[in-house]
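For reference, the structure discussed in these notes is given below.
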Amino acid sequence: GENVEQHPSTLSVQEGDSAVIKCTYSDSASNYFPWYKQELGKGPQLIIDIRSNVGEKKDQRIAVTLNKTAKHFSLHITETQPEDSAVYFCAASTLGAGAGSYQLTFGKGTKLSVIP
Amino acid sequence: KAGVTQTPRYLIKTRGQQVTLSCSPISGHRSVSWYQQTPGQGLQFLFEYFSETQRNKGNFPGRFSGRQFSNSRSEMNVSTLELGDSALYLCASSSGLMGSPLHFGNGTRLTVT
């Protein structure tokens, strides 16, 4: 099955600096890669996603890049703010048995701390 | 639009008991997935339901089961609870199409003593 590795497990940055989180996946058939942000006491919130036919996607201060050949993808957060502090998860999708069915395989998460 | 609603937020059960967790998806969403989150194993897929049918299942024992009703609401049941079942159980809904975003609820925190 799919295996997703995520690094680093913890990351501290100064407010205003950039943060980069990297993930690798094992299944070359995976074609959907979302990123989630989880704050304390809440469920994961989708912040950006990318499909395998796209190499890069941006949404304001957040960007994701995908390298299908190397099977890795990364999350970039620029101009970090204290409210960016949270646990971030990458995931990759694996097709399920039923048409349209898929399951997400998650990385173990990165705890990002933005220091004011 | 209301988000995914999970009830209850917290549960404390004794080993050997059974438990039922409930999930109401976002209006219009027909797919409901369940995930278990623990500090050691992270987020792991349990199963997915679409139009009242289980479409996909993860690698969990048969003690974990679920169902979906005609209004897309879903329940998850765990029988013969074990200490290792203590976790945050997350429900996520989507339209059900390939690659459609999953939107998670805030979870049910289950503690087994």
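All values reported here derive from a predicted model rather than from experimental measurement. The sequence lines fix the lettering, A, B, ..., with proteins before strands; numbering per chain opens at 1. Keep in mind that the numbers below use all heavy atoms, side chains included, and drop hydrogens, waters and symmetry copies.
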Tell me, yes or no, whether the heavy-atom count around [X] atom [atom1], taken from other residues, nucleotides or ligands under 6.0 Å, exceeds 12.
{"X": "Asp59(A)", "atom1": "CG", "result": "yes"}
{"X": "Leu40(A)", "atom1": "CG", "result": "no"}
{"X": "Gln60(A)", "atom1": "CD", "result": "no"}
{"X": "Glu15(A)", "atom1": "CD", "result": "yes"}
{"X": "Ile115(A)", "atom1": "CD1", "result": "yes"}
{"X": "Lys57(B)", "atom1": "NZ", "result": "yes"}

Contacting moiety of [X], where chain A heavy atoms sit under 4.5 Å:
{"X": "Tyr35(B)", "answer": "side chain"}
{"X": "Arg9(B)", "answer": "side chain"}
{"X": "Gln6(B)", "answer": "neither"}
{"X": "Leu102(B)", "answer": "both"}

Considering non-hydrogen atoms only, spot the tightest contact between Gly43(A) and Leu90(B) and give its length.
-> CA-CD2, 4.0 Å
Minimum-distance pair of heavy atoms, taken over all atoms of Asn56(B) and Gln103(A) =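 Scanning both residues, the minimum pair turns out to be ND2-OE1, 3.2 Å.
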Are [X] and [Y] in one and the same hydrophobic cluster, where Ile, Leu, Val, Met, Phe, Trp and Tyr link if side-chain heavy atoms are under 4.5 Å apart?
{"X": "Val114(A)", "Y": "Ile62(A)", "result": "yes"}
{"X": "Val112(B)", "Y": "Tyr89(B)", "result": "yes"}
{"X": "Met76(B)", "Y": "Phe60(B)", "result": "yes"}
{"X": "Leu75(A)", "Y": "Tyr25(A)", "result": "yes"}

When rounded to the nearest 0.5 angstrom, what distance separates CD in Gln44(B) from CG in Leu104(A)?
-> 13.5 Å
From Phe106(A) atom CZ to Gln37(B) atom CD, the distance as rounded to the nearest 0.5 Å =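 Reported value, rounded in 0.5 Å steps: 8.5 Å.
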So, the side chain of Tyr36(A) versus the backbone of Phe104(B): is there a donor-acceptor pair under 3.5 Å, distance only?
-> no
Using heavy-atom distances under 4.5 Å, tell me whether [X] contacts chain B through its side chain, its backbone, both, or neither.
{"X": "Gln45(A)", "value": "neither"}
{"X": "Lys108(A)", "value": "side chain"}
{"X": "Pro34(A)", "value": "neither"}

Leading residue by heavy atom contact count with chain A [cutoff under 4.5 Å; candidates Gln41(B), Arg109(B), His103(B)] =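 Maximum pair count with chain A is reached by Gln41(B).
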Is there a side-chain contact between Glu39(A) and Asn106(B), using heavy atoms and a 4.5 Å cut-off?
->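 Heavy-atom side-chain distance check fails, nothing below 4.5 Å.
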Under a 4.5 Å cut-off applied to non-hydrogen side-chain atoms, are Phe89(A) and Leu43(B) in contact?
->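 Yes, side chains in contact.
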